[in-house]
Amino acid sequence: MQQGFLIERIPMEEQSPIGQIKGVGPKTEALFHKLDIYTAGDLLHYYPRNYDRFEAPVALADVEEGRLLSVAAHIHKRPELNMNSPLKIVTLTLTEGEASLKLTWFRMPFLKSKLQPGSYYIYRGRVVQKRGMLVMEQPNIYTPAEYEALRNVLQPIYPLTNGITSKTIGKAVRQILQSSQCRQEFLPLEIRKNYQLADYQDAIETIHFPSSMEELVFARRRLVFDEFLLFILTLRRLRERTVTNPNTFCMQSSPKVEQFISNLPYQLTKAQQRTWKEIEADLCGDKLMSRLVQGDVGSGKTILSILALLLTVEHGFQGALMVPTEVLARQHYEEICRLTEDYGLSFKPILLTGSMSRKEKRQAYDRIELGLANVIIGTHALIQGQVIYKNLGLVVTDEQHRFGVRQREALTEKGDSPHVLVMSATPIPRTLAIILYGDLDISVVDELPAERLPIKNCVVDVSYREKAYRFIEKETAAGRQAYIICPMVEESENLEVENVLDYTEQLRTLLPGTIQIGCLHGRMKNIEKDSIMESFSRNEIQVLVSTTVIEVGINVRNATVMMIENAERFGLAQLHQLRGRVGRGSHQSYCIFVNGSKDSRNQERLEILNQSNDGFFIAAEDLKLRGPGDLFGIRQSGLLDFRLADIYQDADILKNCAEAAERLEELLEKEADKEEVQSLNAYLREYIDRKTSQLQL
Ligand code: ADP
Ligand code: MG
């Protein structure tokens with residue numbers, strides 16, 4: 001960033017605490033914080049994940065599983081309230097002739113008195129199958145007049161947390177939009193004209209409250225453009241700081257590492273060998289390494305990071321391995337400890353996890369600072385936090401789908417810039433990767449270890465469940481293990497937990513008692529998650545029922561079955577990741593995708609997974625099927641840190657942005673005293689500052 005610019009920030013209002021918005025009390029404020037919304041600006045950029053168009057209510061007899069719909073009916077029988085359950089479930093049964101439908105609400109006991117017999121409401125929610133019955137979970141309740149007012153308008157649906165509704169969020173957004181101080185345009189007119197971009201203020205307003213699909217598409221395009229552009233410009237800023245850095249942690253190839261490689265029980269694949277040579281050349285070269293290693297799940301990236309770490313500690317430097325989850329941190333830690341012992345490596349590993357006590361953490365920090373530990377394995381936050389390294393020479397980031405600016409920044413801010421190695425299983429076409437990761441060199445591990453048997457896949461409907469359980473029974477009898485992924489619930493995490501617990505309970509009655517069944521979900525304490533994962537990896541648990549928390553990186557080679565319920569609700573890339581949890585050892589593995597919907601397009605989408613085990617192919621086919629018009633299709637979870645942008649679907653915009661970034665850099669330099677260039681600069685500065693300050697935890 002150039003010196004001497006006015007430090008003109010965006011007006012205070014965008015940065016006003018969320019609690020200052022009219023109608024947001026302390027309780028709602030706390031809920032907003034849970035959603036990572038702290039300021040008015042955060043809220044404006046908290047985009048709906050979809051829009052609802054309220055349809056006419058359907059007759060009870062026409063209610064179908066898996067759909068979000070409305071029913072209208074008189075109440076004949078009082079609702080029941082189950083006070084024994086911690087969730088205080090209220091149940092109402094609607095009837096209409098022969099047809100009936102059960103409605104349930106969690107933690108809303110007051111509904112018992114609201115829903116009086118004789119009254120007539122419209123209920124809207126998702127219908128699921130539970131114990132053979134159709135149930136509408138957590139429906140919203142409207143009077144006929146309220147419902148009519150909402151018909152045929154696009155209603156924003158926001159990602160939620162328990163206790164907050166889309167209505168509450170929408171209201172708060174409207175409050176902010178009324179303050180004209182917010183939302184200043186920051187792109188110069190020239191750029192907006194050139195790329196036919198909506199005005200910033202209009203775009204923000206429209207993304208929350210579109211009145212038509214066309215308007216929405218136009219607004220979204222602008223905001224996607226912004227996301228890419230800021231990402232690219234920020235990376236460029238960071239590169240300015242790093243690219244000139246000489247290699248202060250210079251290494252040489254080491255016979256110890258070569259020996260370790262030749263002693264491994266397997267031979268490295270050609271792709272692994274090539275990538276290792278590239279990494280080694282970087283570490284021994286005259287500039288700091290910034291390398292992205294891309295390889296499909298199971299291509300064997302972990303060993304590459306271990307080799308790089310080994311070379312690092314062989315030279316007396318420290319290395320850090322950052323991973324997104326604690327479970328994964330522990331797994332890598334154990335693997336490194338095992339290898340250290342088996343092969344007499346020079347690692348002195350240490351684990352840093354959030355579930356460690358304060359005292360344990362302090363001891364770990366001491367050992368790191370004194371250099372008594374030379375390889376540090378932990379989650380991002382911990383490694384970036386208060387740790388002081390003695391001489392950190394290399395940072396490896398594993399399973400980096402969410403490669404954001406934050407991590408990059410953190411690494412370069414830690415005193416002497418270390419070498420950086422990023423491992424990712426996200427299949428990004430090379431051309432796009434170059435634009436996105438501009439400053440990183442890229443290696444592609446495009447080969448799976450030879451001994452692998454391809455995973456056998458099948459896409460089935462729910463009637464196949466029984467057969468699937470028998471199959472799992474057979475596999476466990478043969479000594480293998482299985483994962484079952486529970487349906488994803490978008491509405492609330494609580495429902496998701498409910499679902500997993502319910503499912504596990506039911507499964508216990510359906511599988512023989514000799515099979516140990518464990519259960520894993522995001523609400524568990526880390527320490528519980530770890531202990532479940534450990535039991536699973538020791539085969540004390542044979543069947544693990546889980547939400548997608550096991551999605552990344554987990555490596556249990558003995559697991560051979562992956563069964564995914566409601567597969568249609570997941571993005572293909574995510575399903576591919578989940579499938580990657582099996583087929584990691586020498587046994588034949590299987591993946592069962594259970595399609596819970598009757599929609600033939602879902603079947604078609606899922607068949608893509610059936611055809612291929614290749615992440616690149618799957619991503620490309622998925623894009624073809626979804627088509628560019630599908631703006632809010634299933635989000636590819638975890639793919640980079642963008643809110644709206646999708647690198648596949650918006651590849652064209654991304655290319656435009658790369659071009660625009662060039663031009664903006666030019667403007668920033670040559671026309672720095674123009675007002676609109678100053679406001680761009682202020683915006684950028686604020687943006688980068690904010691990204692950076694989030695690091696100092
Ligand atoms: P990912 O690329 O998904 O991170 P991992 O590094 O976890 O994959 O590797 C998956 C499994 O494959 C591990 O159990 C690992 O020990 C094994 N593996 C890695 N490289 C090879 C190889 N060249 N030959 C055989 N097995 C390998
Ligand atoms: Mg991995």
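Basis for what follows: all heavy atoms, side chains included, without hydrogens, waters or symmetry-related copies. Residue numbers start at 1 and run along the sequence shown. Counting convention: from 1, in listed order, for ligands and their atoms alike.
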- Note: E447-K270 ion pair, threshold 4.0 Å (strictly below): no
- Query: Of Q294, K301, K270, which has the heavy atom at the shortest distance from atom 1 (P) of ligand 1?
  - Reply: K301
- Message: Regarding ligand 1, does I303 bring an N or O atom to under 3.5 Å of one of the ligand's N or O atoms?
- Response: no
- Message: Using 30° and 60° as the class boundaries, would you call the ring planes of F536 and Y483 parallel, tilted or perpendicular?
- Response: tilted
- Query: Taking the side chain from Q273 and the backbone from L268, do they hold a donor-acceptor pair closer than 3.5 Å?
  - Reply: yes
- Query: Hey, is ligand 1 close enough to G298 that some N/O pair sits below 3.5 Å?
  - Reply: yes
- Provide the full list of salt bridge (Lys or Arg N to Asp or Glu O under 4.0 Å) pairs with a residue in residues 345-357, sequence neighbours left out, each pair given once. none
- Message: Can you name the atoms of ligand 1, numbered from 1 with element, that are less than 4.0 Å from a heavy atom of N555?
- Response: 13 (C), 14 (O)
- Taking non-hydrogen atoms only, is T302 closer than 4.0 angstrom to ligand 1 via side chain, backbone, both or neither? both
- Closest heavy-atom approach to atom 27 (C) of ligand 1 among P449, G300, S586 is made by P449
- Numbering as shown, the atoms of ligand 1 that approach Q267 to under 4.0 Å (heavy-atom distance): 22 (C), 23 (N), 24 (N)
- Task: Using a strict 4.0 Å cut-off to heavy atoms of T269, name the atoms of ligand 1 that fall inside it.
- Result: 23 (N)
- Query: Has the side chain of E227 got a donor or acceptor atom that lies under 3.5 Å from a matching backbone atom of L644?
  - Reply: yes
- Task: Decide yes or no for L606 and L575: does some side-chain heavy atom of the first lie under 4.5 Å from some side-chain heavy atom of the second?
- Result: yes
- Message: Donor-acceptor pair, distance only, cut-off 3.5 Å: does the side chain of N247 make one with the backbone of L283?
- Response: yes
- Check whether any heavy atom of G295 sits under 4.0 Å from an atom of ligand 1. no
- With a 4.0 Å heavy-atom cut-off (strictly under), which part of Q272 contacts ligand 1: side chain, backbone, both or neither? side chain
